[in-house]
**Student:** 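Sharing a structure here in C-alpha cells format.
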Amino acid sequence: MPLPAHLTHRHGELHFEDVSLERLAREHGTPLFVYSRAAMLQSLAAYQRGLAGRSHLICYAMKANSSLAILQTLVNAGCGLDIVSGGELERALAAGCAPERIVFSGVGKTRAEMRRALDAGIGCFNVESRGELDVLDEVARSMGRRARVSIRVNPDVDAKTHPYISTGLKDNKFGIAHGEVLLTYRHAAACAGLEVVGIDCHIGSQITEAAPYLDAMDRVLDLVAAIEVDGLRLHHLDFGGGLGIDYNGDTPPAADTLWPRLLAKLDARGYGDRTVMIEPGRSIVGNAGVCLTEVLYTKPGEHKNFLIVDAAMNDLPRPAMYEAYHRIEPVRARENERPAVWDVVGPVCESGDWLGRERTLAVHPGDLLAVLSAGAYCMSMASNYNTRGRAAEVLVDGARATSIRRRESPADQMRLEMPLA
Ligand code: LLP
C-alpha cells in the first residue's frame, strides 16, 4: 500500500519530507509526534482549489489537532478556525487568528464562553438549540452587542461512518431537527441580541463517500429556500467538515473533486453567490502526522504474540475508543528476517490499551515503529492516564525539524495540585 504524502523510505529508513525519523526519535525520545508542514498544506490546497473563485472561508476544525504551531501554519496559509470551547478560543487567538475568522460550534457553550467570544469579536456562533439561542441573545444584549449566529440544522442523512462519529442523524444530540428549523429561524430573527447570518450542518466524520454530502447539500438548500421565503437572507452556508482520510485503503473523494460537484448544486439552485464555509479537521492534518514509538518488549505467547511499545492509549486513543485502524510501519525495515504476527499494545494497565491487532512485523526490542495517520484526534485527545506525560511534538519542513512541544514532565502534571500540608 502506498505511504501517505511526504513519507518515504530512503536507504531502508522512513523519512518525513527530508528528515530521518530515526534521527528525530534519537534527538527527542519517544513517543514522539512528527508532522509534515508540506503534507498539511497539500491537503489544505485541495480545498482551496475546490473552492477557488468563490467567496469562501475554510475554518480548520482545531479539535483535530490544536497545537499552536499547527494552528499558526494553517492560519498563515489562509485558514480561519472552528472552535468548540473557551480553551480553543484562547488557543485560536494565541495563534494569531483574526477573531472575525473564528466560528464557535458545539452544543454546550456556557455564558462565560459566549461573553468572552463576543468580547473577542468572533465571526459567528453556530447555535445548536433553542435554549442556546435564548441564552446567547440575553448575554449579547447584556453587553450591548449583537451576536452573529448561524443555526446548525440536522439534515438527517446517514454519513455511513462509525456511530460514535456520525452526527447528522435524527438520534444525535447535534443540530436543530429539520422540522423545527423554520420556527427557530423566525425566533432568532426576532431576538434583538442576535443577527442571523448563516446556516450550518455537519453530518459526521471520516466520511468516505460523496453521496452523504450531496444529500445533505440538497436538504440544506431546501431549508435555505424555505427560510428565505420568510424574508431572511443568509449570508453564508457552512457545510461543516467530515471528509475522511485513507487509514487503511479507504478511498474518500478528493476535496478538489467533491467541492466542484457540491458547488454545481449550489449554482443550480441559485445560491452560488453566497459565502461557502467549511470546517474540515481530520482531512487537513490526519495524514500529515505520525507517532514514533519504541518497541520495549516482545512477548510471544501460546495464543497471541504481544509487542509492547512505549506509546499507549493515552497517546493514541482512537483504537481503544473506536476500534480505529492505524497502519504501523517499522522505521527501519529488517529485510532478511521472517516476520511474526503481533498485537501491538502499550504499557497502560487496561486490556483496551492496544494500538494495532494482528500486525505482521519483523521487530526486536529497541526498534522504532511509526504509527501512521496520527495527525488528527491523537495528540488533541491525549490524556495523562497512568500519570503518563503527554508526548513531544516536532514539525518538519523540508530538511528542517522544529520542536513545537516539549515532553510533559511529572512536575508539569502535578503543577495544579495542592498537596495536603
Ligand atoms: N465541525 C463540527 C461541528 C464537528 O463536530 C467536527 C468534528 C468537525 C467540524 C471536524 O470534523 P472532521 O473534518 O475532522 O471529520 N474523535 C473522533 C472524531 C470526532 C469528530 C467530532 N466532530 C475520531 O478520532 O475519529
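In this text, all values refer to a predicted model and were calculated from it rather than measured experimentally. Numbering of residues begins at 1 and proceeds along the displayed sequence. Side chains are part of it too, since the values below use all heavy atoms of this structure and drop only hydrogens, waters and symmetry mates. One-based numbering, in listed order, for ligands and for the atoms of each.
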**Student:** Under 4.0 Å from a heavy atom of D82: which atoms of ligand 1 are those, numbered in the order shown and with their elements?
**Tutor:** 1 (N), 9 (C)
**Student:** Check for a donor-acceptor pair, side chain of N126 on one end and backbone N or O of V149 on the other, with a separation under 3.5 Å.
**Tutor:** no
**Student:** Quick one: do E17 and R37 make a salt bridge, cutoff under 4.0 Å?
**Tutor:** no
**Student:** Out of the candidates R388, R406, R407, only one should pair with D412 under the salt bridge (charged side-chain N to carboxylate O under 4.0 Å, His left out) rule; please name it.
**Tutor:** R406
**Student:** Could you work out, for atom 1 (N) of ligand 1, the closest of Q206, M62, E279 by heavy-atom distance?
**Tutor:** E279
**Student:** Considering only heavy atoms of A61, which atoms of ligand 1 have at least one such atom less than 4.0 Å away?
**Tutor:** 8 (C), 9 (C), 10 (C)
**Student:** Only heavy atoms of G242, strictly under 4.0 Å: list the atoms of ligand 1 that pass.
**Tutor:** 11 (O), 12 (P), 13 (O), 15 (O)
**Student:** Taking only heavy atoms of G241 into account, list the atoms of ligand 1 that are under 4.0 Å away from them.
**Tutor:** 9 (C), 13 (O)
**Student:** Show me which atoms of ligand 1 lie under 4.0 Å from any heavy atom of R282.
**Tutor:** 12 (P), 13 (O), 14 (O), 18 (C), 23 (C), 25 (O)
**Student:** Please determine whether a side-chain nitrogen of the Lys or Arg among K63 and D82 lies less than 4.0 Å from a carboxylate oxygen of the Asp or Glu.
**Tutor:** yes
**Student:** How many angstroms lie between atom CZ of F16 and atom CG of L21, to the nearest 0.5 angstrom?
**Tutor:** 7.5 Å
**Student:** Rounded to the nearest 0.5 Å, what separates atom OG in S85 from atom NZ in K109?
**Tutor:** 11.0 Å
**Student:** What's the spacing between L234 CG and T275 OG1 if we round to 0.5 Å?
**Tutor:** 11.5 Å
**Student:** Using heavy atoms and a 4.0 Å limit, tell me yes or no: is P280 in contact with ligand 1?
**Tutor:** yes
**Student:** What class does the angle between the rings of F125 and F104 fall in, given that below 30° is parallel, 30 to 60° is tilted and above 60° is perpendicular?
**Tutor:** parallel
**Student:** Please determine if S205 has a nitrogen or oxygen closer than 3.5 Å to a nitrogen or oxygen of ligand 1.
**Tutor:** yes
**Student:** Which atoms from ligand 1 have a heavy atom of G281 less than 4.0 Å away?
**Tutor:** 12 (P), 13 (O), 14 (O)
**Student:** Taking atom CD of E329 and atom CG of L14, what is their separation to the nearest 0.5 Å?
**Tutor:** 7.0 Å
**Student:** Could you tell me if any non-hydrogen atom of K63 lies under 4.0 Å from any atom of ligand 1?
**Tutor:** yes
**Student:** Indicate, as side chain, backbone, both or neither, the part of R318 found under 4.0 angstrom from ligand 1 when only non-hydrogen atoms are considered.
**Tutor:** side chain
**Student:** A64 near ligand 1, heavy-atom distance under 4.0 Å?
**Tutor:** no
**Student:** Would you say M381 and ligand 1 have an N/O pair spaced under 3.5 Å apart?
**Tutor:** no
**Student:** Please say whether Y377 places an N or O atom under 3.5 Å from an N or O atom belonging to ligand 1.
**Tutor:** yes
**Student:** Look up atom OH in Y385 and atom CG in N314, then write down how far apart they are to the nearest 0.5 Å.
**Tutor:** 10.0 Å
**Student:** Quick one: which ligand 1 atoms are inside 4.0 Å of a heavy atom on R152?
**Tutor:** 3 (C)
